J.: 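Input: one structure, supplied below.
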Amino acid sequence: MPLATGISNRQAGDVADGAAPIAGGGLSSPPPPPGAGGGAAGDACMKDFVPLREETEKRGKAIKAASDRHASPQEACKLIGNYSQAEIRMIKYVDTNASKCGIPPQISDQLKTGHKNTEALLKKVCNVAEQAAAQPRGPAGPSLSDVLGSSASLPEATPTKKGGSTFDTLNGNVLTR
């Protein structure tokens with residue numbers, strides 16, 4: 001089942017697999033940006049892009065680990081927020097360097113679609129975290145003693161009459177009549 005938040009292990013696993021969705025939804029690694037004709041420009045693009053992708057994958061794996069150990073909604077909200085920030089950095093890099101690095105436009109579109117899915121998940125998980133934080137801890141209403149009107153002290157033990165026998169009835173001892 002999910003983190004205590006409604007994220008399924010599949011969703012968390014998809015996030016952990018990488019940074020962006022392949023066309024059609026889900027979150028998984030995008031293909032690396034191709035170099036503009038190889039050479040130094042391509043190497044520079046890869047050198048700059050790979051750390052962004054690795055950071056996003058690392059944060060996705062942290063979400064998967066949290067899901068596997070059923071982390072709190074507050075922790076999941078924080079982790080997904082961190083993942084979202086890493087996605088934004090990757091999207092900005094791709095948008096800024098698309099022409100220089102020869103990155104096809106569909107890569108940017110896939111990253112943006114994946115980020116929309118991440119934002120929806122973030123909103124859902126953080127709403128659950130807020131609701132969990134808003135719920136009062138401890139008893140919400142009166143205790144059972146308050147409802148029943150009983151006191152917390154134990155009743156006094158009263159000594160019982162001794163000397164009764166097997167032949168005692170409600171009206172006295174049958175043998176003494």
Side-chain angles (χ1 to χ4, degrees), residues 1-140:
M1 170 83 206
L3 291 165
T5 60
I7 307 178
S8 69
N9 284 337
R10 182 188 176 304
Q11 288 170 316
D14 288 346
V15 169
D17 289 340
I22 303 296
L27 300 171
S28 60
S29 290
D43 291 342
C45 289
M46 287 304 292
K47 185 180 122 204
D48 294 338
F49 180 77
V50 168
L52 294 172
R53 186 179 66 193
E54 288 173 350
E55 179 65 21
T56 305
E57 288 174 351
K58 181 177 105 178
R59 292 177 184 211
K61 288 176 183 172
I63 293 169
K64 175 74 169 121
S67 175
D68 290 344
R69 64 181 161 74
H70 303 289
S72 71
Q74 292 82 2
E75 181 182 357
C77 178
K78 180 181 173 191
L79 291 172
I80 295 170
N82 291 341
Y83 177 80
S84 177
Q85 294 303 312
E87 270 187 327
I88 290 170
R89 284 191 291 276
M90 241 176 44
I91 291 168
K92 286 181 181 177
Y93 178 83
V94 169
D95 287 345
T96 305
N97 298 296
S99 60
K100 179 178 96 174
C101 297
I103 301 170
Q106 70 258 25
I107 298 295
S108 178
D109 294 341
Q110 289 174 358
L111 289 169
K112 289 175 183 174
T113 301
H115 184 66
K116 285 179 187 173
N117 294 338
T118 300
E119 288 295 318
L121 184 63
L122 178 66
K123 183 178 180 184
K124 186 165 98 174
V125 170
C126 291
N127 282 340
V128 170
E130 286 176 24
Q131 290 173 358
Q135 291 178 348
R137 306 250 190 263

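From a predicted model like this one, the values you see are computed outputs, not experimental measurements. What's counted below: heavy atoms across the whole structure, side chains too, no hydrogens, waters or symmetry copies.
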J.: So, taking the atom named CD in Glu57 and the one named CE in Met90, what distance separates them when rounded to the nearest 0.5 Å?
T.: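 Going from the CD atom of Glu57 to the CE atom of Met90 covers 8.0 Å.
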
J.: What are the two closest heavy atoms between Val94 and Phe49, and how far apart are they?
T.: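 Heavy atoms of Val94 and Phe49 come nearest at CG2-CE1, 3.9 Å.
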
J.: Grab the two heavy atoms, one from Ala129 and one from Cys77, that are nearest each other, plus how far apart they are.
T.: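 The answer is CB-CB, 4.4 Å.
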
J.: In terms of side-chain geometry, is the basic nitrogen of Asp43 or Lys47 positioned less than 4.0 Å from the acidic oxygen of its partner?
T.: no

J.: Quick check: closest heavy atoms across Pro73 and Val125, and the distance to 0.1 Å?
T.: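 The pair with the smallest heavy-atom distance is O-CG1, 3.9 Å.
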
J.: Minimum heavy-atom separation for Leu79 and Ala62, please, with both atom names.
T.: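 Result for this residue pair: CD1-O, 3.8 Å.
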
J.: What's the spacing between Arg89 CZ and Arg53 CZ if we round to 0.5 Å?
T.: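 Between atom CZ of Arg89 and atom CZ of Arg53 there are 15.5 Å.
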
J.: Where do Gln74 and Ala133 come nearest, in terms of heavy atoms and distance?
T.: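 What the structure gives for the nearest pair is NE2-N, 3.9 Å.
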
J.: Among Ile88, Thr113, Ile80, whose side chain to side chain contact (heavy atoms under 4.5 Å, CB included) with Thr118 holds?
T.: Ile80

J.: To the nearest 0.5 Å, how far apart are CD1 in Ile63 and CG in Leu121?
T.: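 Reported value, rounded in 0.5 Å steps: 7.5 Å.
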
J.: Any chance you could measure Lys124, atom NZ, to Asn127, atom CG, to the nearest 0.5 Å?
T.: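 Here the interatomic distance stands at 10.5 Å.
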
J.: Would you compute the distance between atom NZ of Lys61 and atom NZ of Lys58 and round it to the nearest 0.5 angstrom?
T.: 11.0 Å

J.: State, to 0.1 Å, how close Cys45 and Tyr93 come at their nearest heavy-atom pair, and which atoms those are.
T.: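 Nearest heavy atoms, Cys45 then Tyr93: O-OH, 3.1 Å.
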
J.: Charged N to carboxylate O below 4.0 Å: is that the case for Glu55 and Arg59?
T.: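 Salt bridge between Glu55 and Arg59, a charged N being under 4.0 Å from a carboxylate O: yes.
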
J.: Please step through side chain to side chain contact (heavy atoms under 4.5 Å, CB included) for the pair Lys112 and Ile91, ending with a clear verdict.
T.: CA-CA 7 Å; Lys112 289 175 183 174; Ile91 291 168; 4.0 Å; yes

J.: Can you measure from OG (Ser108) to NE2 (His115) and round to the nearest 0.5 angstrom?
T.: 12.0 Å

